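Quick notes on the structure that follows.
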Amino acid sequence: MRHRGRKITQTQTAAPDKDDELTVLDHNSLILLDDDQMQRFIVDGFIVLKSGLSASFHDAVHAEMAYALENEIPHPGDNIVPRVPALNTLCDDPVVRGALTSILGRNFDYLPHRFPHNSEPLPGVEVSAGGQKGASAQVSPSAAFHTQPRMARGSISASAWHQDGHASCGRSRWHTVRAANVFYFPHDTPMEMGPTRFLAGSHLYATLHDIRAEQAVMEPISAGSVIIAHFDLAHAGSPNLTDTCRYMMKFVAVRTQVPSGPEWDHKDAQWKTTTNLPGRDFVAAAWKSQWNWLRGVSRSEGIEPVESHRLPSLLAALQDARQAIRLEALYLITALGAPAVDPLIDSLVATAGKERHLGTAEVIKADQSPAHLKRFFSEGQFLPEDAAIALAAIGAPAVRALIPLLKHEDPWIRLNAVYALGDMGPMAIGDEVRHIAALLEDQEDCVVRGALDALCVLGQFGDETVGHLTGFLKTPALAEEGEGGEKQERAHAPQFRYLSTLALLSWTNKRGLYTPELESRVEDALLAVLNEPNGYPPLIACSALERMGTVKGLRSAIAYLRGRCWDSAQNRRDALSGAWTRAHRRSTLARLTAADASDA
């Protein structure tokens, strides 16, 4: 389970000095993944790395996280990074940044969601003389596949198998790797402490109805380990059977540019399926498609072509409850190219009239029922139809057939069509990207959000689209008149602003293709985001302003961040740890305890 990458410079410091840990790294210092590691990531959906930082560094981070979570109110949440700024050093470690560059491209960025997870000791478990809850414990360690084992009260660690949604904004689910979870473990996490569990191969699953115990990976995790996982990989916590709290830090990194070529230590273009795949679905066509996309070549390259007469049976296989059958059929269809477009369009249009755009996410039980076919739009996710995923992988031959669906009367069809156009990338869609801008005026919030998400992954669009994004960022998005004749802000307007900002961050990668006037308009829109009360879009805007690099933009970003700077040592200074501070903490705890009692 442990992997190490290859370095593209000559030397490596395994345990850097304190001064070295604060150095800003350049691309040439990164330790990139190799072909074998990238292929294993595609198959499993995650990779385990050992950071290059010293044991003393991890000990210090562990101590600061523990102090903040055990002694300070309120919970730090996403503010944990300014509270424990050494976490920035972990994010910039050449091993971590090199792996993320390999997977998400050199222009990846970290999203503002960065959250500390704790697993409290499970009560009622006997502690042995050695201080650990030993063999005499009444609660045995969770089996790797156990569904939702009991966790201790106060734990922030979901023990049911789940696929994450993006914090503060719902986004689409993509087979192509658009985002990654980064799990960091600052201390040793043995089995009895409840390490995070992963469901290998589940990152390509639409639902978790057909999962098997053989897919579950649960192993001891050593201090300083970093696990990078496809954002849609299913994972779960497990109970802590020791007498010490378990801590884990999770970051989210996002791709901001479609790959034009491999960005890892690439030597061999040939896909080589590993033979060590216990419990994994064998979906070689799906793996090859992802490998090709990351290499910037046709997604069907190397996928064995099938005869056209097999198309009806492959389309029927998309209804199969078995994950492997469905996924392999999906990507074999894409290898047919243009002849598969019209049947896929018919399959997609056949899902109209079912009001799926009004649906909500639900747990699909492992009972092989037709519920596994359910796709949905919810507050946190959009799960597209398989036909839309296939059309996206086919690419340019599907564009002309998809454009008319952007005006389909059913919002669900419009939503899936714009998803497919976004996923196929700017080279395939070309100038037709202008049609997406019209959906930004759609009356259905789900369609607007889907169009914005497509723009986030495309990253290339012109004046009209920038005008719409600027409108979302500068003026309230209002719905039709409600009670009293007054217009109300649309329910998903905060998500519109989030995604508009993220789309402009992606746009900055290709800003040289556009006029200085358009660049100035984008900068003005990003500056307007700094007034947004939700802290996520402004931090994304600061990243975009940093990339643009103008004096005006940099000064504005610095001014925004300076006013929100956190003194991480504040609560540890001697002057603030005296009797009055302790008294204030006691009174605060008493007040909160009384409030909890009254709410019970």
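In this text the structure is predicted, and so the values were computed from the model without any measurement. Along the sequence shown, residues are numbered consecutively beginning with 1. Below, all heavy atoms of this structure are taken into account, side chains as well, without hydrogens, waters or symmetry copies.
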#### Entry: Value rounded to 0.5 Å, distance of NZ in Lys250 from CE in Met248
7.0 Å
### Query
Any chance the side chains of Ser238 and Arg246 put a donor and an acceptor closer than 3.5 Å?
no
### Query
Between Phe185 and His187, is a ring-ring contact (aromatic ring centres under 6.0 Å, His included) present by the stated rule, with each step listed?
CA-CA 6 Å; Phe185 298 81; His187 60 79; 7.9 Å; no
### Query
Is the shortest side-chain N to carboxylate O distance from Glu532 to Lys474 below 4.0 Å?
no
### Task
Calculate, to the nearest 0.5 Å, the distance between atoms NE2 and CZ belonging to His166 and Arg171 respectively.
5.0 Å
### Task
Report the C-alpha distance between Cys542 and Leu530 in whole Å, list the side-chain angles of each, state the deciding distance to 0.1 Å, and finish with yes or no for side chain to side chain contact (heavy atoms under 4.5 Å, CB included).
CA-CA 8 Å; Cys542 285; Leu530 301 182; 4.0 Å; yes
### Query
Can you name the nearest heavy-atom pair linking Asp188 to Ala223, along with the distance?
OD1-N, 2.7 Å
#### Entry: Any donor-acceptor N or O pair under 3.5 Å, side chains Asp78, His113
yes
### Message
Less than 3.5 Å apart, any donor N or O on the side chain of Asn240 or Ser155 sitting next to an acceptor on the other?
### Response
no
### Task
Show your reasoning for whether ring-ring contact (aromatic ring centres under 6.0 Å, His included) applies to His203 and Phe41.
CA-CA 10 Å; His203 55 300; Phe41 175 85; 7.0 Å; no
### Query
Are Ser168 and Asn534 linked by a side-chain donor-acceptor pair shorter than 3.5 Å?
yes
### Query
Could you go step by step and tell me if Phe183 and His235 meet the ring-ring contact (aromatic ring centres under 6.0 Å, His included) rule?
CA-CA 11 Å; Phe183 302 89; His235 54 281; 5.3 Å; yes
### Summary
Between Val81 and Arg114 the two heavy atoms that sit nearest each other are CG2-CG, 3.3 Å
### Task
Please determine which of Val522, Leu526, Leu527 meets the side chain to side chain contact (heavy atoms under 4.5 Å, CB included) test together with Asp524.
Leu527
### Task
With ring-ring contact (aromatic ring centres under 6.0 Å, His included) as the test, would you mind laying out the steps for Trp174 and Tyr419 before giving the verdict?
CA-CA 9 Å; Trp174 314 89; Tyr419 168 92; 4.6 Å; yes
### Message
Both conditions, 6.0 Å and 45 degrees, for the charged tip of Arg547 above the ring of Trp507: are they met here?
### Response
no
### Task
Look at the side chain of Asn509 and the backbone N and O of Thr256, then say whether any donor-acceptor pair between them is shorter than 3.5 Å.
yes
### Message
Is a donor from one side chain sitting under 3.5 angstrom from an acceptor on the other, for Gln381 and Gln163?
### Response
no
### Query
Ignoring hydrogens and geometry, is there a side-chain-to-backbone donor-acceptor pair from Ser225 to Ile221 under 3.5 Å?
no
#### Entry: Step-by-step side chain to side chain contact (heavy atoms under 4.5 Å, CB included) determination, Leu111 to Leu502
CA-CA 9 Å; Leu111 291 179; Leu502 191 58; 4.2 Å; yes
### Message
Can you classify the ring geometry of Tyr184 versus His58 as parallel (below 30°), tilted (30 to 60°) or perpendicular (above 60°)?
### Response
tilted
### Message
Consider salt bridge (charged side-chain N to carboxylate O under 4.0 Å, His left out). Of Asp164, Asp232, Asp453, which one does Arg173 pass it with?
### Response
Asp232
### Task
Classify the ring geometry between Phe496 and Phe472 as parallel (under 30°), tilted (30 to 60°) or perpendicular (over 60°).
tilted
### Message
When you compare the side chains of Thr207 and Lys374, does any donor N or O come within less than 3.5 Å of an acceptor on the partner?
### Response
no
### Query
Going by atom types alone, do Asp109 and Ser543 pair a side-chain donor with an acceptor below 3.5 Å?
yes
#### Entry: Side-chain donor-acceptor contact under 3.5 Å, Arg591 with Thr593
no
### Message
Has Ser54 got a side-chain atom pairing as donor or acceptor with Phe57's backbone, closer than 3.5 angstrom?
### Response
yes
